[in-house]
Asker: 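Here you go, one structure.
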Amino acid sequence: MQEKILILDFGSQFTQLIARRVRELNIYCEIHPFNKVPEVDQSVKGIILSGSPYSVRQDDAPHFEFIKHHKTLPILGVCYGAQYIAHFHGGEVLASSTREYGRANLDFVKQDNPLFKDVPTGSQVWMSHADTIARIAGDFEIIASTDSVKVAAYQITGTQTYGIQFHPEVTHSTDGKQLLQNFLVDICHCTQDWTPDSFIETTIAELKAKLGDDKVVLGLSGGVDSSVAAVLLHQAIGKNLHCIFVDNGLLRKDEYQSVLDSYQHMGLNIKGIDAKQRFYDALAGVSDPEKKRKAIGRVFIEVFDDAAHEVQGVSWLGQGTIYPDVIESVSVKGPSATIKSHHNVGGLPDFMKLKVVEPLNTLFKDEVRRVGKALGIDPNILGRHPFPGPGLAIRILGDVTPEKVEILQQADAIYINNLRSGGVYDKVWQAGAIYLPVQSVGVMGDERTYENVICLRAVESLDGMTADWCHLPYDLLAKISNEIINNVKGINRVVYDISSKPPATIEWE
Ligand code: XMP
């Protein structure tokens with residue numbers, strides 16, 4: 001049985017970060033909303049309660065019946081989690097006179113408490129709270145303090161229940177990782193055996209048991225997630241995995257052939273489908289970004305469905321869905337508004353009537369890459385920048401024509417090749433060229449030109465939710481601009497996008 005830690009989410013922006021830290025210690029954990037706690041069986045070694053934007057003093061503060069577990073399982077309350085336990089266990093939580101935000105130092109640490117093993121007095125911690133634990137019940141023992149927060153950490157004596165007011169998961173808490181390790185290894189007795197290799201071994205065994213001799217169809221995109229999902233499935237069921245790779249005419253230059261070749265080298269049973277014209281026909285005259293996305297989505301489903309029907313007796317649809325897409329988030333301020341109708345959520349329509357198998361739906365993106373590496377997948381595939389499903393169609397502002405696609409492909413190839421040869425490709429989270437349907441005057445030789453503009457975008461990001469523009473070296477930008485203007489017919493001007501997200505988005509459409 002896979003041992004695990006449960007992380008109960010009370011809506012903090014840091015909850016996923018706690019999970020990442022736990023997993024970095026090779027310990028499997030799952031995030032669940034505070035009000036949908038799964039059955040706590042023998043596989044659960046401990047529970048972590050996250051922070052929250054709520055105050056325990058609010059009427060609608062999130063509740064969790066911690067009393068059910070606190071004598072049987074180790075529990076660590078972080079920030080709100082710590083205040084919650086203190087408040088509902090005989091103590092008192094009040095609004096602090098000043099909001100505690102930022103760095104602080106632990107000027108008292110109870111050295112012989114197992115939670116603080118190897119955490120020195122003076123250790124820097126990161127605080128982010130408006131409330132403070134003003135009074136604790138008699139069976140609480142203070143095990144760390146800062147000069148302004150007396151109850152920075154406590155233990156309920158005689159139990160394995162701990163609370164900490166600071167955030168061990170952020171890197172500003174210099175001994176946060178040590179503290180989490182103390183809790184997880186020394187207090188919860190987790191064995192730290194959850195590694196890419198162990199994940200691969202268990203997943204393949206589970207896939208074999210689940211799928212037997214059934215056939216699976218899976219759409220490959222050339223991206224990391226679908227590639228890793230395909231290789232795992234391939235190792236489990238071999239030729240019963242039927243992969244489909246669609247050329248929508250909106251991929252990067254030469255990408256269709258090179259990706260198809262590398263998949264074939266991996267031994268995957270893959271069918272490439274040239275559907276360029278169907279996509280161009282559907283896009284003709286469409287300039288609205290959302291209409292373009294919908295048209296591309298619709299044609300993709302038609303093409304994919306036709307191809308899937310050619311596989312006799314298929315009963316499963318494989319997908320490369322990853323953990324952040326399935327974590328049920330605690331809605332604090334109501335569902336967020338739809339900004340763009342994207343991100344592959346929603347999947348394929350019901351009429352396909354297939355059961356869904358998602359071998360990566362417990363992994364974060366960096367874990368998918370590590371599993372991919374352990375599976376021996378080509379580093380070129382694993383290290384690729386994210387690329388949107390609608391491809392170059394949302395990097396050509398306005399309507400899309402095959403001619404514009406070709407111009408953009410050429411400019412984009414020059415850009416990306418230079419990022420690679422300049423040694424910066426791997427430092428950039430995502431880069432691409434954008435075709436602007438704006439004409440401007442230029443001069444080439446003795447001739448006046450009146451041509452289009454290419455914009456270059458390169459961003460740094462962790463997850464695409466926020467991003468900042470990259471400070472690419474001027475020399476490199478100059479080289480790229482020269483090469484594009486000299487080689488791509490129809491372009492006489494290159495600009496660089498210096499907008500961060502928010503307020504700009506990464507893609508222009
Ligand atoms: P934005 O433009 O919203 O993009 O800042 C964030 C990330 O999402 C990608 N993106 C898409 N991916 N279908 C996709 O599969 C889409 O329609 C889509 N739109 C944006 C974008 O490339 C970036 O990585």
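Start at 1 and go down the list; that is how both ligands and their atoms are numbered. Quantities reported herein were computed from a predicted structural model and do not represent experimental measurements.
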Asker: Just checking Y256 against F245, ring centres under 6.0 Å apart?
Answerer: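 Centroid separation for Y256 and F245: below 6.0 Å.
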
Asker: Is there a donor-acceptor contact under 3.5 Å from the side chain of S173 to the main chain of G176?
Answerer: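 Not confirmed, S173 side chain does not pair with G176 backbone.
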
Asker: Nearest non-hydrogen atom to atom 19 (N) of ligand 1 belongs to which of R457, R293, K292, M465?
Answerer: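 Minimum heavy-atom distance to atom 19 (N) of ligand 1 goes to R293.
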
Asker: Could you say whether the N/O atoms of I506 and ligand 1 ever approach to under 3.5 Å?
Answerer: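 Yes.
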
Asker: Should you measure from each heavy atom of K501, which atoms of ligand 1 turn up under 4.0 Å away?
Answerer: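 What qualifies from ligand 1 is 1 (P), 3 (O), 5 (O), 6 (C).
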
Asker: May I ask you to list the atoms of ligand 1 that are less than 4.0 angstrom from any heavy atom of G389?
Answerer: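 That gives atoms 12 (N), 13 (N), 14 (C), 15 (O) of ligand 1.
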
Asker: Is a side-chain N or O of T505 found less than 3.5 angstrom from the main chain of K501, in a donor-acceptor match?
Answerer: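 A pair under 3.5 Å: no.
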
Asker: Which pairs pass salt bridge (Lys or Arg N to Asp or Glu O under 4.0 Å) with one or both residues in residues 215-233, sequence neighbours excluded?
Answerer: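 Qualifying pairs, neighbours excluded: D225-K365.
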
Asker: Looking only at distances, can you tell me whether any N or O atom of Q430, backbone or side chain, sits closer than 3.5 Å to an N or O atom of ligand 1?
Answerer: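 Among all N and O atoms of Q430, at least one is under 3.5 Å from an N or O of ligand 1.
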
Asker: Closer than 4.0 angstrom, basic N to acidic O: yes or no for E483 and K479?
Answerer: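 Here E483 pairs with K479 in a salt bridge, since their nearest N and O are under 4.0 Å apart.
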
